[in-house]
There are 4 protein chains.
Amino acid sequence: MSKEQKKTEIFRAARKVFYIKGFEGTKMEDIAKEAGIGKGTVYEYFESKKQLFEETVVYSCEEQGRIIQDILERGSSLKEKIRALAKCQAEMIKEHMPIVRMMACSKIIAREMGAVFMEHNIRVGEIIKKQILQAIDQGEVRAEINPEIASAAIMGTIMQYFGKKMICTEAMPEEADYDKIVQVLMSGIGNETG
Amino acid sequence: MSKEQKKTEIFRAARKVFYIKGFEGTKMEDIAKEAGIGKGTVYEYFESKKQLFEETVVYSCEEQGRIIQDILERGSSLKEKIRALAKCQAEMIKEHMPIVRMMACSKIIAREMGAVFMEHNIRVGEIIKKQILQAIDQGEVRAEINPEIASAAIMGTIMQYFGKKMICTEAMPEEADYDKIVQVLMSGIGNETG
Amino acid sequence: MSKEQKKTEIFRAARKVFYIKGFEGTKMEDIAKEAGIGKGTVYEYFESKKQLFEETVVYSCEEQGRIIQDILERGSSLKEKIRALAKCQAEMIKEHMPIVRMMACSKIIAREMGAVFMEHNIRVGEIIKKQILQAIDQGEVRAEINPEIASAAIMGTIMQYFGKKMICTEAMPEEADYDKIVQVLMSGIGNETG
Amino acid sequence: MSKEQKKTEIFRAARKVFYIKGFEGTKMEDIAKEAGIGKGTVYEYFESKKQLFEETVVYSCEEQGRIIQDILERGSSLKEKIRALAKCQAEMIKEHMPIVRMMACSKIIAREMGAVFMEHNIRVGEIIKKQILQAIDQGEVRAEINPEIASAAIMGTIMQYFGKKMICTEAMPEEADYDKIVQVLMSGIGNETG
DNA sequence: TATGAATGAGACTTCATTCAT
DNA sequence: TATGAATGAAGTCTCATTCAT
């Protein structure tokens, strides 16, 4: 196995444990066990716990960024894209605990992480914003809509609803959920005729 | 100073430090210093770090719950209530770091905290949901809207937008922001005429 | 209550707790509670825990010395005296845990206590030895017997037998026990005719 | 070095320090230093101070039991056995501080140790008692002698005399001492002709 | 290269002692 | 005089890191 492959394996193990236990709550031994290697071996690939954490965040962010980018490029309408994004997020929440947790917990050493984390957050926002702008061009979104807020609404609604639903009920979202989210986001909740 | 007052002082100090550093990253001495007392004194009021953390979460949740309840009862229309809620959240994010952080970090010891945390999360969701139902009755929100999702959309959008904005720019939201959020939430982003 | 009376009350409380928990295992608060006073009050009478301990040992030793002296002076024959001594020791073991424990545990800070403790041990030995010499004079004990060893045999046998019996069975010794001890000590266990 | 050998090394270091300073008076670092290892290493072999103490007592008791058993089986007459036992105890007192101290100090956490300690105490008593019964059979000890008391007399006299002598004078017992002890125990101190 | 036994800095916690009331 | 809230030194224990194998 190449050095790079091994690092990736450690990243995946580290991410899993950091997600669950947070930075300070994670023991290097936990990560080593999760990766199925010896404690000392981790130090062959990473200088310190802090470095491993930082690189794990970078790795995770980049991976997530790539996945989201892919997802969004594949959809044709914004509605479809929102559905796809929601599904992707649900999958992520399910697969390795809410990314929210990672993000929030990464604040633990926010001062050091600052740049990396912000950069990622902005990147995902930008990706969604770009889709919004495209959708405005195509007449799918009203021109007067602020793309920043639209982007926040999309991401925020998805995360809040699925986060809560999946944590509370430990059930996966159903197809109907996606429809309702798209509806709320596209048409709002207000009664224009009222 | 009464025993209860002293506990409250420690709660406020503890919350501040836990917010910034997370559970494991916080030293009891940090909290003591923040509260302007000796390390041993904290142990006169709380049996252990874990107990202090749990009670701090309860305290914070209850306080936040009370504040949100007050805020929402004061507004007359849902639009006003959303604005008020957004202002309140912005204030909170500013005042003592995003509650999101607290909540997310509290997951670190989720197993033990379980009930308390879920209860709070559900409580805030319920408070907003009730407002939605009321707004449906009053014809302000469309009847076919799912109140769960509407509630998630409101909370999620506010948190996502202000969280990002305030963390990135460290600036307070402007009045215009509230208008735009209300607009997006009430009317959606879709171009119905398109 | 006079200062001296109060000190005596604290001595009795301290002895009780020190017996059970040893020097390091005893908290000043335990002693204060046992004496029915406040923690700070103990410091009105004793400068430190160590001083209190040392004075408590002195107090206990002197009290025990006085009691043993009394006991031994009252008996007329050595047999009677051994019986009385055994009864007295049994009472002591019962009343406030084996003095052995005190003595042994006091070794914890043996370096500091040295003199006091040794002095007491020697004093009791001397008291018994004097009785032996008297008994030799009166023809009750054989002249060739070494008084040091006789003294050790008396004390050792009593402590070992009752200590074990009372700790194991938590029962008080019976009259017959005293007879048997006296017999073993006076006549030995050997079969001279054998 | 095998794991078991290392544990034994720690046992010996722990016993030495516990003997001198008692349970509460002993620091884990003291034991580590005595064993010539790091503080953390002790925790590789024992979960906690309490566990180490308990296992050390068990180890010590078992070792002592084995030694005493050996000693007693080797002698032919009871007189010889008493001499051997006395020598063995003197050696023990000298070698690693009076076992009495250990036993007595172990009472500090008597509740937890209970079974182990009592078991040992009884075991040694039983070993001696068996020798007494044998000696009665062989006509060396009078038939009417109570073996319990005889056993207590032997152990008690030896411990009391040597304990005091060695602590006071820090000198080893002489050959003559053993003779006198045997004499007192076998023939008693009484003047039968008197 | 891979390992895990060994380490010791640093955390949580206890408790002797102080001191304002 | 009597108290107990407050304190911080010091102990137990954890775990990131090292290094001999």
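Computed over heavy atoms, backbone and side chain alike; hydrogens, waters and symmetry mates excluded. Chain A is the first sequence line, chain B the second, and so forth, proteins listed ahead of strands; every chain is numbered from 1.
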As its Watson-Crick or G-U partner within any shown strand, both distances under 3.5 Å, E/dG4 has F/dC19
Residues C/Glu55 and C/Tyr59: side-chain donor-acceptor under 3.5 angstrom | no
Have a look at D/Lys39 and say if it touches a base, only the backbone sugar-phosphate, or nothing, with a 4.0 Å heavy-atom cut-off.
-> base
Interatomic distance where NZ belongs to B/Lys33 and P belongs to F/dG8 [whole Å] | 10 Å
Round to the nearest Å and state the distance from B/Ile10 atom CD1 to F/dA6 atom C1'.
-> 11 Å
Hey, which of A/Arg12, A/Arg15, A/Lys16 is the one that makes salt bridge (Lys or Arg N to Asp or Glu O under 4.0 Å) with A/Glu34?
-> A/Lys16
Side-chain N or O of C/Thr41 less than 4.0 angstrom from OP1 or OP2 on F/dT3?
-> yes
Grab the CG-C1' distance between D/Leu52 and F/dC13 for me, whole Å please.
-> 13 Å
Whole Å only: how far is the NZ atom of B/Lys49 from the P atom of E/dG10?
-> 16 Å
Cation over ring face, C/Lys49 and C/Phe23, 6.0 Å, 45° | yes
Give one of base, sugar-phosphate or nothing for A/Phe46, where a contact means two heavy atoms less than 4.0 Å apart.
-> nothing
Does D/Tyr45 have a side-chain nitrogen or oxygen under 4.0 Å from the phosphate oxygens OP1 or OP2 of E/dA6?
-> yes
If you draw a 6.0 Å radius around NZ in C/Lys27, do more than 12 non-hydrogen atoms from other residues or ligands fall strictly inside?
-> no
Round to the nearest Å and state the distance from C/Lys50 atom NZ to E/dC15 atom C1'.
-> 18 Å
Result for 5'-nearest mapping on DNA chain F, choosing between B/Gly38 and D/Glu29, is B/Gly38
Of D/Lys3 and B/Glu47, the one whose closest nucleotide on DNA chain E sits nearer the 5' end is D/Lys3
When C/Glu44 and C/Lys27 are each assigned the nearest nucleotide of DNA chain E, the 5'-most assignment goes to C/Lys27
Pick base, sugar-phosphate or nothing for A/Lys6, based on heavy-atom distances below 4.0 Å to the nucleic acid.
-> sugar-phosphate
Using a strict cut-off of less than 4.0 Å between a Lys/Arg side-chain nitrogen and an Asp/Glu carboxylate oxygen, indicate whether C/Lys6 and C/Glu44 qualify as a salt bridge.
-> no
Under a 3.5 Å cut-off for both distances, is E/dT14 Watson-Crick or wobble paired, and to whom?
-> F/dA9
Distance, rounded to the nearest Å, where A/Glu24 contributes CD and E/dG10 contributes P | 13 Å
C/Met28, nearest nucleotide to its side chain (from E/dC12, E/dT3, E/dA16) | E/dA16
